[in-house]
Amino acid sequence: VLDFERYVKTRCDRLEHFLKQCLPQPSVHPRSARLYEALRYTVLDAGKRLRPLLVYATGEAMGVSLDKLDAPAAAIELIHCYSLIHDDLPAMDDDAIRRGKASCHKAFDEATAILAGDALQSLAFEILSNPRLNPAEPLQQVARIQILAKNSGMHGMVEGQILDMAYQDRSEPLAYPDLCEIHLKKTAALIEASVMCGMLNTPKTLENKHILALKSYARCLGLCFQIQDDILDAIGDEKTLRKKTGRDQEKNKATFPGYLGLEESGIQLLKLHQKALDHLAWMGPEAEALLALSKTFIRPFHFCPSSTTTLQ
Ligand code: IPE
Ligand code: IPE
Ligand code: MG
Ligand code: MG
Ligand code: MG
């Protein structure tokens, strides 16, 4: 049986070690130390690490060796960190607390935060394109770069963020498909990239339907993750979440609780989560960590009537 706590700890330690290697010591560059401090402040020892854990768990389920997973795991976490720095800026969500401490622009300043985000984004692609750090077949290396570029860019996360911003300034009612589109792009796209990048380099020959199943799993899980984030913003505890709550309503954000109400959002969350797990049904015991991850990171809410029966 999998010792899941240990699994998470060992993979997170690996990731931390790898990330440290990629981030220069501020003292080595005294004149630009502020930037390097902001990078380390943002990236190291921070966050739940869902996306890198998904890279590892998917890759391992597909028989990919761990040393081939460090680079994509780190690259995706770096993109995620950049998105959080920019998401917190006054021009966007204007949030002062992130991961239990001052957000980057508060701890440093706006210019440093913008540049730190920029640097993290290019560092992600530098890592993926470095054969020493990303020892993959050249074609698969390019495929990873492409998936990450595409899913984080103007048709993926960045588009999701502009749709999120556009909605908050608008007064007309939101349609359900638009709400789903925002969440799929701003959050699920990067989660999908994590699963796809983990899968690449597999020594197994995967059938097309199984590749599609993994993709659908990731999209459902990503949508769940943002619905849960929305619900937690409405009713969660600031200490546990390590960020301010109640911000979505203040900013008139397009959210699931805002659209469906809390209880119905909880029900949708459960249904979608079950759908995500169903997409993994073809996998054997090798998917244990992936399943455990999905069940740990998405939790049923107490107010949801079927919460005790659906997920066991
Ligand atoms: C926060 O992501 C932003 C969303 C996309 C919901 P996480 O909840 O994964 O943030 P960290 O990495 O744990 O801080
Ligand atoms: C963030 O969504 C999505 C990205 C950063 C791409 P949110 O704005 O809801 O994330 P939090 O609540 O600030 O963590
Ligand atoms: Mg936001
Ligand atoms: Mg935000
Ligand atoms: Mg949120």
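Bear in mind that the values here come from a model prediction, so they are computed numbers and not experimental data. Whatever order the structure lists ligands and atoms in, that order sets their numbers, starting from 1.
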- Nearest heavy atom to atom 3 (C) of ligand 2: which of Met165, Arg98, Gln161 does it belong to? Gln161
- Task: Give a yes or no on whether the ring-centroid distance for Tyr56 and Tyr7 is below 6.0 angstrom.
- Result: no
- Message: Below the 3.5 angstrom mark, is there an N/O of Arg51, backbone or side chain, next to an N/O of ligand 1?
- Response: yes
- Quick one: does NZ or CZ of Lys9 land under 6.0 Å from the six-membered ring centre of Phe4, within 45 degrees of the ring axis? no
- Task: For the residue pair Gln274 and Asp278, confirm or rule out a side-chain donor-acceptor distance under 3.5 Å.
- Result: yes
- Task: Just say parallel, tilted or perpendicular for the rings of Phe256 and Tyr176, cut-offs at 30° and 60°.
- Result: perpendicular
- Item | Test side chain to side chain contact (heavy atoms under 4.5 Å, CB included) applied to Leu200 - qualifying residues, sequence neighbours left out | Ala143, Arg144, Ile147
- Message: Considering non-hydrogen atoms of the protein only, which is the closest contact for atom 14 (O) of ligand 2, and what is the distance?
- Response: Lys243 NZ, 2.6 Å
- Query: Strictly under 4.0 Å, does any heavy atom of Arg242 approach an atom of ligand 1?
  - Reply: no
- Message: So if I apply the salt bridge (Lys or Arg N to Asp or Glu O under 4.0 Å) rule between Lys253 and each of Asp229, Asp87, Asp230, Asp93, which one comes out positive?
- Response: Asp93
- Query: Applying a strict 4.0 Å limit to heavy atoms, is Asp233 in contact with ligand 2?
  - Reply: no
- Hey, which N, O or S atom on Asp87 ends up closest to the Mg ion (ligand 4)? OD2
- Of the N, O or S atoms in Asp93, the one nearest the Mg ion (ligand 4): OD2
- Message: Tell me whether ligand 1 is touched by Thr187 - counting only heavy atoms on the residue side and a distance under 4.0 Å.
- Response: yes
- Test item: side-chain donor near acceptor, Thr10 and Asp13, under 3.5 Å: no
- Message: Counting only heavy atoms closer than 4.0 Å, does ligand 1 sit against the backbone of Leu50, its side chain, both, or neither?
- Response: neither
- Does Lys253 have a non-hydrogen atom less than 4.0 Å from ligand 2? no
